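Remember, it's a predicted structure, so these values are computed and weren't measured experimentally. Ligands are counted one by one from 1 in listed order, and the atoms in each one are counted from 1 as well.
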Amino acid sequence: MKEYWSMVMETVAFLREHLTTVPKVGVLTGTGLSGSMDSLLEDLSLDYSKIPNFPVSTVESHRGRLVSGTLAGRGILAMQGRFHLYEGYSPLEVAFPVRVMQGLGMTCLVVTNAAGGINLDFSRGDIMVIRDHINFTGANPLAGPNNEAWGDRFPDMAHAWDSGLVASATDAAQRSGFTVRTGIYAGLSGPSLETPAEIRFLKLAGCDAVGFSTVMENIAGVHAGMKVLGLSVITNINNPDAPEKISVEAVIETAEKAAPKLDAILRGVVQRLI
Ligand code: HPA
C-alpha cells in the first residue's frame, strides 16, 4: 500500500516539474468526450505513456493524455481518458489520476462520462448532472488500510456530489440556451451491458442513468476532500420493455456530438468557481 502512495507522489513530483502553475480544477473525461474541451488553450500536453506510473487506457475512444491550460481564462488540468474496472484495473488504479490531483493540491474535480438512460423522460444526447450515485460495482478504492494523511477512514458520502456545483452546471447550461437533467447514476463494473431485468431493478432503485465508470473516482475525490461534479451524456435509452441493441459506435458518436454542451457547462462552472 505504501508503494501506491509513493507512486502517487513520484507522479506528482514529475508533474510539478512540468507544470508552470497548478490549477485548482481537474477534469477527467470519459468515452468519446476527449474533445469536450476544444476551447481549452493548452500550455502543456503529455501522453499518459510519458508520465511515470500512469496506467494506460486500453479503450480506443479514450485519448490517454494529460493537458493543462486555460478554459474561459481559468486554469484547468484535464486528464483525457480514464481507466475502468472492466479493463482489469484495480479500484486503486482507477482512482490514481484523482490521487495525483489531490497530491498536486487540487480541490475541485469534474468527471464526465457516457451513460445509458434509465429514466424514460430522458432523450439521447441529453446531459444529466449527477446528483447522487449508487455504487453497484462491489469495489471501493478505499478498501484496505486507510492512509490518514490522504483522508478519513469513513468519509461522509451525504454530499458526494456537490450541490453548489450541480446548481452552477444547471445555470451554465441555461445561460447557454439548453437545459440539463439531474439524476442518480448507477455505477456498474461492466463490460457486459444490462439485462432488461437489471434495468428494471435499477429503475426501482431510483437510478436515472447507468454506466461503467465514475464512482471510483468520486469516492476517491470525496476522500480527498475535493468538491466533485459529474456530467453524464445520455448516449442511449434503456427501455426494458423495448430493448434496443446498443452499438459502441453510436455511443461514441452521440457522446462526441454532446461535446459543445459539456464545453459550455465547464466554461460556466469554472468561471463561477474562481
Ligand atoms: N450501459 C452502461 N454503460 C453505458 C451505456 C449503457 O447503456 N451507455 C453508455 N455507457
Can you tell me the protein heavy atom closest to atom 8 (N) of ligand 1 and the distance?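 Going atom by atom, the protein heavy atom closest to atom 8 (N) of ligand 1 ends up being Asn236 OD1, 2.7 Å.
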
To the nearest 0.1 Å, how far is atom 2 (C) of ligand 1 from its closest protein heavy atom, and which atom is that?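 Here the closest protein heavy atom is Glu194 OE2, 3.2 Å.
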
Check ligand 1 against [X] and write out every atom of the ligand that is under 4.0 Å from a heavy-atom position of the residue.
X      : value
Gly211 : 2 (C), 3 (N)
Ile246 : 7 (O)
Asn238 : 7 (O)
Thr235 : 8 (N), 9 (C)
Ala114 : 9 (C), 10 (N)
Gly116 : 4 (C), 5 (C), 6 (C), 7 (O), 8 (N), 9 (C)

So which bit of Leu193 gets within less than 4.0 Å of ligand 1, heavy atoms only: side chain, backbone, both or neither?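 The answer is the side chain of Leu193.
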
Please work out whether any backbone atom (N, CA, C, O) or any side-chain heavy atom from C-beta onward of Leu188 is under 4.0 Å from ligand 1, and answer side chain, backbone, both or neither.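 No part of Leu188 comes within reach of ligand 1.
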
So if I apply the side chain to side chain donor-acceptor pair (under 3.5 Å) rule between His223 and each of Asn146, Asn140, Asp152, which one comes out positive?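 Going through Asn146, Asn140, Asp152 one by one, the side chain to side chain donor-acceptor pair (under 3.5 Å) with His223 is satisfied by Asn146 alone.
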
If you take all heavy atoms of Tyr4 and Ala95, which pair is closest and at what distance?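 Reported closest heavy-atom pair: OH-C, 3.9 Å.
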
Regarding [X] and [Y], does a basic nitrogen lie under 4.0 Å from an acidic carboxylate oxygen?
X      : Y      : result
Asp171 : Arg272 : yes
Arg124 : Glu244 : no
Asp126 : Arg181 : yes

Tell me if the centroids of the rings in Phe96 and Phe54 come within less than 6.0 Å of each other.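 Yes; Phe54 has its ring centre under 6.0 Å from that of Phe96.
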
Counting C-beta onward and ignoring hydrogens, is there a side-chain heavy-atom pair between Arg16 and Val22 closer than 4.5 Å?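 Yes; the side chains approach each other to less than 4.5 Å.
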
